[in-house]
2 protein chains.
Amino acid sequence: MPPMSETQDRMRPAKAGRNGKSRVTMEAVGRLAGVSQVTVSRALSDPSKVSPKTLEKIREAIEVTGFVPNALAGALASSKSKLVTALVPSITNIVYSTMVNAFGEEMRREGYQILLSSTGVSLEEEEALIATHLSRRPDAVLLTGIHHSPQARKMLLGAGIPVVEVWDTTDSPIDLCVGFSHVAAGRAVADFAADAGYASAGTVSAGDERALRRKAAFADQFLRRTGSEVAQVDFDDAASLANGREGLRRLIDEQEFTRGVIFCSSDLLAHGVLIEAQARGLSTLRDIAVIGFGDQDFAPYTEPALTTVRVDRAALGFTAARALLDRFEGRNPPQPVTDLGFEIVRRRSA
Amino acid sequence: MPPMSETQDRMRPAKAGRNGKSRVTMEAVGRLAGVSQVTVSRALSDPSKVSPKTLEKIREAIEVTGFVPNALAGALASSKSKLVTALVPSITNIVYSTMVNAFGEEMRREGYQILLSSTGVSLEEEEALIATHLSRRPDAVLLTGIHHSPQARKMLLGAGIPVVEVWDTTDSPIDLCVGFSHVAAGRAVADFAADAGYASAGTVSAGDERALRRKAAFADQFLRRTGSEVAQVDFDDAASLANGREGLRRLIDEQEFTRGVIFCSSDLLAHGVLIEAQARGLSTLRDIAVIGFGDQDFAPYTEPALTTVRVDRAALGFTAARALLDRFEGRNPPQPVTDLGFEIVRRRSA
DNA sequence: TTGTACGCGTTATCAG
DNA sequence: CTGATAACGCGTACAA
């Protein structure tokens, strides 16, 4: 390789390592601007501490080199990664994605990035993910739900960073908690149904721990209020239209359900029940009433419009973000757990 | 602060820095296990190079300390972050989330984590995000679409890492590309409609560049085939049921559309059109036919069942992941761009 | 099989 | 306002 002059070397936009990755450092930018590496660092983190003239030279040098700071090195040195990791059961499920979207928007406004993973339903899966997430040295962690493996709790506690559990409430949060009571929701729906005069009820639920808790609370309360046992169909997998249809099928064929109100663990299932009812020629106003959960976009547009439980998912994410952000600034919330509640939205399906 | 003996110090599960974060290092684990830091490193990365006895001691030390490796430091030292960043227009849009979910699943199987952000529609927004993503020194980047700012291209190229653009095809990819042709899709739908005998057509589209290209191709081809101009309604914002309803309203009220087939840029819009048509007492079989795009879960269950264009979103994500993974192993694909195509699914709505 | 020495690219601290 | 210098925690030679 022929020797090259200083000037030629300076013209090269980036110095590539053996793996081909870009390697423009603050050092290089500084050389080009005629200042030291530290000055470049300062110019980026606190421009007011650098003279306008050198600031300009540095700006130019960054421009021509296409310098992109190495956040890894920065985080290592400062132990502030500006990274927050989030764990949700599923990223394709709209109820979680809208929550995490609101969370991410607010965090981003403050300069944080979100490392997102889906855990599925298993706690072991979650535990392993927590470990890899923690290895990125996030400044905080968002978890969905309040049930975590003992080892997971230990790791989280040991990390010494803020943790926010969303989508539920508890008396013993790991740290922060923002959500609503699933037991209260189930009960409220039962009261609503009893008040509306329904004498018998069924449920269709997905294989979700929180959904099951809502269902149990509903069944308990409905029995207490009306003296009538609740017919129940549970699925192991996620909610879907197909499962909703299948749910009504089983309720009728296997549980001898003939008429009454059906509480579904999600709007998607509820929609499926509605579709199946119509396919069977059942009257969704006289024979079968349906209550969903979530108040998703399509809920007002089903036929008939879906009565459901509204949860402000965006508020959940936003509030979780604010709680963490406040914590970063040293402010602690008056109480660690925030109950955002829910609201029964009465439409025509029940 | 009273002095404490060596033993007491060893009992402490973690050494907390001034910011309270956990600080168990390989060094500390090594001390506890009676070996050096490197040995711990080796035990983790390649256990076969460490004797079973010390391996066991190290395992124990890790157990009691709750050690979680610092991936930041590791990445800095090895310039391999095991991190891949992904940019999608929206994380709440199911079409993108299922794609990125499949992508993430496959990457995770190989030990990679995904840093996910949504860019919205603006290219400037995307450019800024690319910079912050690149600052995390990812091993690869996934981008949605083929339109990026010149500066963004420059940064990406300069990073010297694999880049995969999904959801479209092009002759000049930044690097890798996996998708399908939106022009071909629009044309195919027009041919389908013309073949089916529809004499007039309309479109309802969301404010998405690719949706607009599909629409334009559809309108061109439909005009060519039938000699009939296509009535068009475009929205600036994202697809929604509400926009679908509004779309049909405008088509009828403002564009004098009376009957024919309506090509929507997404199934969601198509569903909205169906709902509005029923609300207006129009026959969705005789007067108005509807074609969606995406073949989402609910498409077979709308009334009537939705005719639509199926895109294998999971295959998109999976194929993109495989392309990157192969590249990591030094294998290059025969050609940089992969066209996964699409398929028109004929149901009852058209 | 194990250890020493060094470097990765920043930030923090202290001088000047 | 600017510059040395020392961490930060780990991988990668190279040596023992």
Side-chain angles (χ1 to χ4, degrees), chain A residues 14-19 21-31 33-58 62 65 67-83 134-137 139 159-160, chain B residues 14-19 21-31 33-58 61-62 65 67-83 132 134-137 139 159-160:
Chain A
K15 194 169 41 175
R18 58 183 170 295
N19 42 30
K21 295 193 184 182
S22 147
R23 301 197 163 285
V24 188
T25 66
M26 285 187 174
E27 179 82 43
V29 172
R31 258 200 313 268
V35 297
S36 80
Q37 174 265 131
V38 242
T39 307
V40 178
S41 174
R42 265 192 291 258
L44 258 25
S45 59
D46 188 355
S48 74
K49 307 183 90 175
V50 175
S51 88
K53 291 182 58 176
T54 60
L55 209 54
E56 177 55 22
K57 285 191 293 186
I58 291 175
I62 289 180
T65 54
F67 170 68
V68 176
N70 187 328
L72 264 39
L76 185 58
S78 66
S79 49
K80 266 176 256 163
S81 61
K82 285 284 181 178
L83 219 204
L134 252 22
S135 78
R136 301 283 173 188
R137 294 298 186 264
D139 291 337
Chain B
K15 192 168 41 172
R18 59 182 169 296
N19 42 31
K21 296 193 183 181
S22 145
R23 302 200 160 284
V24 188
T25 67
M26 284 187 173
E27 178 82 42
V29 171
R31 259 199 314 267
V35 296
S36 79
Q37 172 261 124
V38 245
T39 308
V40 178
S41 173
R42 268 192 288 259
L44 259 25
S45 59
D46 188 356
S48 74
K49 306 184 92 175
V50 175
S51 86
K53 290 181 59 177
T54 60
L55 210 53
E56 177 56 21
K57 283 192 295 187
I58 290 175
I62 289 179
T65 54
F67 170 69
V68 175
N70 186 330
L72 263 40
L76 187 59
S78 67
S79 49
K80 268 176 256 164
S81 61
K82 284 286 182 177
L83 218 206
T132 56
L134 251 22
S135 77
R136 302 284 173 190
R137 293 299 184 265
D139 290 338

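Bear in mind the structure is a predicted one, so any value in this text is a computation, not a measurement.
- For the pair A:Met26 CE and D:dA4 C1', the interatomic distance rounds to 17 Å; values are reported in whole Å.
- The CG atom of B:Leu72 sits 9 Å away from the C1' atom of D:dG9 (whole-angstrom rounding).
- With sequence neighbours excluded, no residue forms a side chain to side chain contact (heavy atoms under 4.5 Å, CB included) with A:Ser45.
- Note that the CG atom of A:Leu72 and the CZ atom of A:Arg136 stand 8.0 Å from one another [nearest 0.5 Å].
- A:Asp46 places its CG atom 18 Å from the P atom of C:dT10, with the value rounded to the nearest Å.
- Summary for the helix from C:dT1-D:dA16 to C:dG16-D:dC1: the axes at its two ends, each from 5 pairs, differ by 30° when rounded to the nearest 10 degrees.
- As a whole-Å value, the separation of B:Arg136 CZ from C:dG9 P is 17 Å.
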Write down the protein N/O and nucleotide N/O pairs, taken from nucleotides 1-3 of chain C, whose separation is under 3.5 Å; answer none if there are no such pairs.
residue	atom	partner	partner atom	Å
C:dT2	OP1	B:Ser51	OG	3.2
C:dT2	OP1	B:Thr54	OG1	3.2
C:dT2	OP2	B:Ser51	N	2.9
C:dT2	OP2	B:Thr54	OG1	3.1
C:dG3	OP2	B:Ser36	N	3.0
C:dG3	OP2	B:Ser36	OG	3.2
C:dG3	OP2	B:Thr39	OG1	2.4
C:dG3	N7	B:Arg42	NH2	2.7
C:dG3	O6	B:Arg42	NH1	3.2

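- Judged as a side chain to side chain contact (heavy atoms under 4.5 Å, CB included), and not counting sequence neighbours, the contacts of B:Leu76 are A:Asn70, A:Ala73, A:Leu76.
- If you take CG of B:Asn70 and P of D:dC8, they are 12 Å apart, rounded to a whole angstrom.
- Whole-Å rounding puts the A:Ile58 CD1 to D:dC1 P distance at 13 Å.
- Closest heavy-atom contact between B:Ala33 and B:Ala61: CB-CB, 4.0 Å.
- B:Glu27 has its CD atom 10 Å from the P atom of D:dC8, to the nearest Å.
- Once rounded to the nearest 0.5 Å, the distance linking NZ of B:Lys49 with OG of B:Ser41 reads 10.5 Å.
- For B:Ser41, no side-chain nitrogen or oxygen approaches OP1 or OP2 of D:dC10 to under 4.0 Å.
- Every side chain to side chain contact (heavy atoms under 4.5 Å, CB included) that A:Ser51 has, sequence neighbours left out, goes to A:Lys53, A:Thr54.
- Listed by chain and residue number, A:Val29, A:Leu44, A:Ile58, A:Phe67 satisfy the side chain to side chain contact (heavy atoms under 4.5 Å, CB included) test with A:Ile62 (two or more places apart in sequence, or in another chain).
- With hydrogens and angles disregarded, a donor-acceptor distance shorter than 3.5 Å links the side chain of B:Ser81 to the backbone of B:Arg137.
- In this structure, A:Glu27 has no salt bridge (Lys or Arg N to Asp or Glu O under 4.0 Å) partners at least two apart in sequence or on a different chain.
- Atom CG of A:Leu44 is separated from atom P of C:dG9 by 16 Å (rounded to the nearest Å).
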